[in-house]
Amino acid sequence: MSEEENGHRHLLFDLYRAKFGDHIPLIRRWDVKGFLKRPSFWLLSPLGPEKIRAQAERWKRRASAFTCSAAG
């Protein structure tokens, strides 16, 4: 699977280079419009497993909504 993913990565780089040239700009998370910010909530107060699970579910729903909106 690693080889397959590596092949996909090289294919995408080749397609990009063919269209835009050799310079590939560095894009960070904060450069992406609508990128989800996830605060380190566990550093703020002691939490139990239920609160952590609930937060993980909220993150999962937000990530799914972001992916759906990005897909069009």
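Within the model, atoms CZ of Arg17 and CG of Leu12 stand 11.0 Å from one another, a figure rounded to the nearest 0.5 Å.
At a threshold of 4.5 Å between side-chain heavy atoms, the hydrophobic network of Ile, Leu, Val, Met, Phe, Trp and Tyr places Leu15 and Ile27 in two separate groups.
Legend: residues meeting ring pair (Phe, Tyr, Trp, His ring centres under 6.0 Å) with Phe13, ordered by chain and number and at least two apart, are absent. Residues meeting the side-chain hydrogen bond (donor to acceptor under 3.5 Å, both in side chains) test with Arg9, sequence neighbours left out: Asn6. Residues meeting the side-chain hydrogen bond (donor to acceptor under 3.5 Å, both in side chains) test with Arg53, sequence neighbours left out: Glu50.
A donor-acceptor contact shorter than 3.5 Å is absent between the side chain of Ser64 and the backbone of Lys60.
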